[in-house]
**Student:** 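The structure is given below, and queries will be raised subsequently.
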Number of protein chains: 2
Amino acid sequence: MARSIPLTASLEDYLEAIFHLENKDKVARGKDIAEALGVAQPSVTGAMRSLAGKGLVNYEPYGLVTLTEAGRREAGRIAEKHRIIESFFVQVLGVDIETAQRAACKAEHALGPAVCERLLAFTNFIEKSKQDGRDIAGQFEAFCE
Amino acid sequence: MARSIPLTASLEDYLEAIFHLENKDKVARGKDIAEALGVAQPSVTGAMRSLAGKGLVNYEPYGLVTLTEAGRREAGRIAEKHRIIESFFVQVLGVDIETAQRAACKAEHALGPAVCERLLAFTNFIEKSKQDGRDIAGQFEAFCE
DNA sequence: TTGACAACTTAGGTACTCCTAACTATAATT
DNA sequence: AATTATAGTTAGGAGTACCTAAGTTGTCAA
């Protein structure tokens, strides 16, 4: 069972971008990856070579890019981390979505599974409090006045 | 009024280490900086040159390192960010201190002032709830069972 | 005062990530 | 089928951040 080799923040970003493009367009084209990440095309070529070398993407020169099984698993983990962090920022802290997204993009590379798990549980706890009528996030808003 | 130039995560780490060493030992010696960050000495020399070029430390070859006014201000900001994040992890999420410290070291470079401000307010809110007898962190613990 | 030792620097090298400019392959159009 | 536009690649280069090995400085002790 392949234990996931630690990736650099940059490669995680590529993987995540491919994941989202596959979910949206079925395939990931180099140009779209470049655009999604705000990098030039040659940077994508290099990154694909690197990810292919780690067995995370299927890549042939001039071909389309697809995630391997391992790549999809890893990308899913990263995307979920992102989602957890962003949700926490928005739903608990009440940060605006723009800021939350930017912050989550960076923080997703910094927080390990243990912290993320706790963060998810906490956000769920806060959301549940809304249904219970306790609305802790609302209390926090009032506290901030 | 000098607006703080964005530093790399690495340079922020050096600045923070010097800040803590100055607070502890009055001065920062290269060897101790290297040890604190787990890097080799030549890495420190290079970093000091870079920080000196940005006007954040006073550095002369073979001399002791001290923070400039601007450097102390910046280092203080970073150290405070670290403190805020770590406190949140421990006091709100209930993460163990070891893990919290490691995570905070990384996250401090990822979170901007807006998010950190909210995070601080939220941690204060949770702490206050403990005094009120509502103890939201305690409720969260129970929720996790 | 002269070693000897610790601290520091220089030199040289690797890895990563990005860039621009120039070239090549693919696919669409006519 | 030839042309042309688009996508992708190679080549070459820059900046950051590390490292080891080798040389330099400074200080303290005999």
Side-chain angles (χ1 to χ4, degrees), chain A residues 4-18 21-22 24-67 71 74-75 78 105-106 108-110, chain B residues 4-18 21-22 24-67 71 74-75 78 105-106 108-110:
Chain A
S4 70
I5 294 150
L7 293 169
T8 63
S10 171
L11 290 183
E12 286 191 355
D13 283 337
Y14 282 100
L15 219 46
E16 197 183 1
I18 296 165
L21 285 169
E22 275 197 1
K24 187 164 78 80
D25 302 340
K26 291 279 193 291
V27 293
R29 278 157 69 255
K31 199 213 170 194
D32 297 328
I33 299 170
E35 201 173 314
L37 295 177
V39 299
Q41 280 220 7
S43 303
V44 176
T45 301
M48 291 313 102
R49 240 203 264 292
S50 179
L51 289 174
K54 296 179 195 312
L56 299 172
V57 301
N58 302 114
Y59 166 72
E60 292 291 318
Y62 296 102
L64 294 172
V65 177
T66 55
L67 292 169
E74 195 57 41
I78 298 162
C105 278
K106 295 193 168 188
E108 75 196 12
H109 308 298
Chain B
S4 70
I5 293 151
L7 293 169
T8 62
S10 172
L11 289 184
E12 286 190 355
D13 283 336
Y14 282 100
L15 220 45
E16 198 183 359
I18 296 165
L21 285 169
E22 275 197 359
K24 187 163 78 79
D25 300 341
K26 291 279 192 289
V27 293
R29 278 157 70 256
K31 200 215 168 192
D32 296 329
I33 299 170
E35 200 174 314
L37 295 176
V39 299
Q41 279 221 6
S43 304
V44 176
T45 301
M48 292 311 103
R49 239 203 264 291
S50 180
L51 289 174
K54 296 179 195 312
L56 298 173
V57 301
N58 303 114
Y59 166 72
E60 292 292 317
Y62 295 102
L64 293 172
V65 177
T66 55
L67 292 168
E74 196 57 42
I78 298 162
C105 278
K106 294 193 168 189
E108 76 197 11
H109 308 299

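Naming: A, B, ... by sequence-line order, numbering from 1 per chain. On a predicted model such as this, the values are computed, not experimentally measured, just so you know.
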**Student:** Base, sugar-phosphate, or nothing: which does B:Pro61 touch, judged by heavy atoms less than 4.0 Å apart?
**Tutor:**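 The answer is sugar-phosphate, as B:Pro61 gets under 4.0 Å only of primed atoms, P, OP1 or OP2.
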**Student:** With heavy atoms of chain B within less than 4.0 Å as the criterion, where does contact along DNA chain D begin and end?
**Tutor:** D:dT16 to D:dT25
**Student:** Answer yes or no: does a side-chain N or O of A:Ser43 lie under 4.0 Å from OP1 or OP2 of C:dC18?
**Tutor:** no
**Student:** For DNA chain D, find the residues of residues 10-18 of chain B with a heavy-atom distance under 4.0 Å and give them by number; none if there aren't any.
**Tutor:**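 Those residues whose heavy atoms fall under 4.0 Å from DNA chain D, taken from residues 10-18 of chain B in numerical order, are B:Ser10, B:Tyr14.
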**Student:** Please work out if B:Gly63 contacts a base, only the sugar-phosphate, or nothing of the nucleic acid, heavy-atom cut-off 4.0 Å.
**Tutor:**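 Touches nothing.
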**Student:** Before you tell me yes or no, could you show the steps for B:Arg49 and B:Thr45 under side-chain contact (heavy atoms from CB on, under 4.5 Å), namely the whole-Å CA-CA distance, both residues' side-chain angles and the distance that decides it to 0.1 Å?
**Tutor:** CA-CA 6 Å; B:Arg49 239 203 264 291; B:Thr45 301; 4.2 Å; yes
**Student:** Roughly how many Å is it from OH in B:Tyr62 to P in C:dC5, rounded to a whole number?
**Tutor:** 19 Å
**Student:** Could you state the atom-to-atom distance from CZ of A:Arg29 to P of C:dT26 in whole Å?
**Tutor:** 15 Å
**Student:** Begin from the C-alpha positions of B:Lys54 and B:Leu7 and carry the test side-chain contact (heavy atoms from CB on, under 4.5 Å) through to its verdict.
**Tutor:** CA-CA 10 Å; B:Lys54 296 179 195 312; B:Leu7 293 169; 3.6 Å; yes
**Student:** Check the distance between C:dC8's P and B:Lys31's NZ and give it to me in whole angstrom.
**Tutor:**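 Going from NZ in B:Lys31 over to P in C:dC8 covers 9 Å.
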**Student:** Check whether any side-chain heavy atom of B:Leu51 sits under 4.5 Å from a side-chain heavy atom of B:Ile18, and report yes or no.
**Tutor:** yes
**Student:** Can you find a heavy atom in the side chain of B:Leu15 that is under 4.5 Å from one in the side chain of B:Leu67?
**Tutor:** yes
**Student:** At less than 4.0 Å, is any side-chain N or O atom of B:Gln41 found next to OP1 or OP2 of C:dA7? Yes or no.
**Tutor:** no
**Student:** May I have the distance from B:Glu35 (atom CD) to C:dA6 (atom P), rounded to whole angstrom?
**Tutor:** 14 Å
**Student:** Using a 4.5 Å cut-off on heavy atoms from C-beta on, say whether the side chain of A:Glu108 contacts that of A:Asp13.
**Tutor:** yes
**Student:** Looking at B:Tyr59, I'd like to know whether one of its side-chain N or O atoms comes within less than 4.0 Å of OP1 or OP2 on C:dT9.
**Tutor:**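 Affirmative; the distance criterion is met.
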**Student:** Consider the side chain of B:Thr45, meaning its heavy atoms from C-beta on, and name the nucleotide among C:dT10, C:dT20, C:dA7 that approaches it most closely.
**Tutor:**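 From the listed options, C:dT10 comes nearest.
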**Student:** Would you say that A:Ser43 contacts A:Tyr14 through its side chain, given a criterion of any heavy-atom pair below 4.5 Å between the two side chains?
**Tutor:**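 In contact.
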**Student:** Side-chain N or O of B:Arg49 versus OP1/OP2 of C:dC8: is the shortest distance under 4.0 Å?
**Tutor:**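 Checking B:Arg49 against C:dC8: no side-chain N or O falls below 4.0 Å of OP1 or OP2.
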**Student:** What do the steps show when you test B:Ile33 against B:Leu21 for side-chain contact (heavy atoms from CB on, under 4.5 Å), and what is the final call?
**Tutor:** CA-CA 8 Å; B:Ile33 299 170; B:Leu21 285 169; 3.7 Å; yes
**Student:** Tell me: CG of A:Leu37 to P of C:dC19, nearest whole Å?
**Tutor:**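 Nearest whole value for this atom pair: 10 Å.
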**Student:** Whole angstrom is fine here: how far is it from CG in A:Leu64 over to C1' in C:dA27?
**Tutor:**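 Taking CG of A:Leu64 and C1' of C:dA27, I get 13 Å after rounding.
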**Student:** Taking the side chain as every heavy atom from C-beta outward, state whether A:His109 and B:Lys106 have any pair of such atoms under 4.5 Å apart.
**Tutor:** no
**Student:** Within this structure, what is the CG-to-P distance between B:Asp32 and C:dC8, rounded to whole angstrom?
**Tutor:**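 It is 8 Å, rounded to the nearest whole Å.
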**Student:** Looking at every non-hydrogen atom in both residues, tell me the closest pair between A:Val65 and A:Glu22 and how far apart they are.
**Tutor:**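 What the structure gives for the nearest pair is O-OE2, 4.0 Å.
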